[in-house]
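Below is one structure, written out as structure tokens; comments come after it.
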Amino acid sequence: LPPETDRRQDLNRLIALFGEEMKVANRAEKREDLKSVLFDVPLRSVLGWKILHDVVPDSLREIFEQTTPEALGQGMRRIGSRPYGLQIFFLVAGYMLTREQERINAGIGSDDHWPDEKPEDVELVISSWERISRAYRSDDFLLPGQAGGVLPILDDGVIATVVEQLRPPSEELYAKARRMFASVELCSFVMHGEQRDGIGGHGPYRLDDGRTLFFKEINDLRNDYLPWARTENRNIDDNLVLAFAVRPGVDVRCDMFGSMLVQPHDFDRLVDGMAVIVGEDDGFSVVEQDRFAEIEAAATAMQQELYLNAIEWDDRYRIEYAGPLYANHVRPFQRLAGLDADASDRLLKRCEAIAAAAVDDLMENKPTIWAHMGGTEGPMMAPLRAGAK
Amino acid sequence: MGRGELVNGAGVTGVLRRADTLEQVFALMKREDLDETILLCESASASAVAPVLPRIKGLVCESGGATSHLAIIGREFNLTCLMSTRFDTDEDLDGATVEIGPEGTVEIVAA
């Protein structure tokens, strides 16, 4: 075999880093066991990864005609941002998991060269993830797991501005805010076809006074790109954010899916300050308590409309909806890059076409990638091997 | 009669109602006394029962745990939440008035 090039070694190091963190996170959540009465979550996920595999390299090339990975990452460093961590994750996961399935189908071992490898696409996907992530995060890491479960993205000036808005919540205010947030979260969950898309968080940020600041966020709430999300009942704001300052004793962990886990779950007794805010292009605005009821009511009405629509879907569309669902992960990068609505429409049509063409085969030939993800003792994602350029 | 992992709340009394199928969720959505209902379900997925979660009194789930999505959402709504519940009876509990105790027990108050 020819000697490994330095660049290939770099790429393989990054592939291993991403794959190992995903293996740990995936198995901790037992994601291969996901079940839902409304959606075929395992099959739509595999279909969605294939869609991303097929469209992401071309989409990245189109996006990088307008901007750089660093500018994208910088543009995501704000409250309520979309794209956020989950979209960065999917840039890599969709491409690499489908590549893995195709390697398994072809009987290629993880140490073997794969003749159908497209090394230029692998490099584009992996290097884009690396460069966007470096610009997105405030520290020198690429993944939350490397950094002890933290995801710092905000500048000190923004943090200081938020801290000024924090107030100790009364028990009643805290309960109302949580309830409103849960209603919006349920709406988002149903809107995104039982994917936690849009639901995440960032931090924790250590404050000088010993407190910890963190943000729980929901974005994409007024989506009208997903065909089923063009409902009569609409959320009022496109994102909703809870900012908490807590005393020691609260453990806040972010993961590579953009999600956040806070323990203990009943951390209310340790909350020292809270603010309900909406992220905006140039900052944020505070949501006053007198708006909580209307926000909750709007989210509940939209959620129920989405639910009643979704139960009419047939078995095929409970998988095929991956077309729009995963186009919706690429579109935020297009928008951030300044691409127009035509680009997003073309993307949607292409993803829907891939989904329609692939769904029958997927229903007949169950994919093996979930078993690989759940059980392989080898690498989750095979490295590039010599033979590739 | 039953015991589970209490992940929120300190106990509550209400009427157990099954929500394992879409038809059962539909029927619940139409009930005027939904606010007296304690949901009884097998799956720890929140989306299946999403329309009724904001209006119920508590939930008893036969699977999942504290980090299940249903438990997380249930906590946010401040519902009494019992997860991974096991019953020592084959009796159909749908419609029974039960008390969820602060130790995670479920006892029939009235059938």
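Every chain is numbered from 1, with letters handed out A, B, ... down the list of sequences. As the structure is a prediction and not an experimental result, all values here were calculated from the model.
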Main-chain N/O of P54(B) paired to R179(A) side chain as donor or acceptor, under 3.5 Å:
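Flag set: sc R179(A) to bb P54(B) pair under 3.5 Å.
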
How close do [X] and [Y] get, heavy atom to heavy atom, and via which atoms?
{"X": "A182(A)", "Y": "E76(B)", "value": "CB-CB, 3.2 Å"}
{"X": "L38(A)", "Y": "S47(B)", "value": "CD1-O, 3.9 Å"}
{"X": "L186(A)", "Y": "A50(B)", "value": "CD1-O, 3.7 Å"}

Using the ring of each side chain (for Trp, its six-membered ring), is F26(B) parallel, tilted or perpendicular to Y307(A), with breaks at 30° and 60°?
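Rings of F26(B) and Y307(A): perpendicular, over 60°.
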
For residues [X] and [Y], determine if any side-chain heavy atom of one lies less than 4.5 Å from a side-chain heavy atom of the other.
{"X": "L308(A)", "Y": "M29(B)", "value": "yes"}
{"X": "E185(A)", "Y": "I73(B)", "value": "yes"}
{"X": "L22(B)", "Y": "V37(A)", "value": "yes"}
{"X": "H69(B)", "Y": "E194(A)", "value": "no"}

Name the region of V25(B), side chain, backbone, both or neither, that has any atom closer than 4.5 Å to a heavy atom of chain A.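 Just its side chain gets close to chain A.
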
Contacting region of A44(B) [heavy-atom separation from chain A under 4.5 Å]: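 Nothing of A44(B), per the 4.5 Å heavy-atom cut-off to chain A.
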
Between F189(A) and chain B, which part of the residue has a heavy atom less than 4.5 Å away: side chain, backbone, both or neither?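 Answer is side chain: those atoms of F189(A) sit under 4.5 Å from chain B.
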
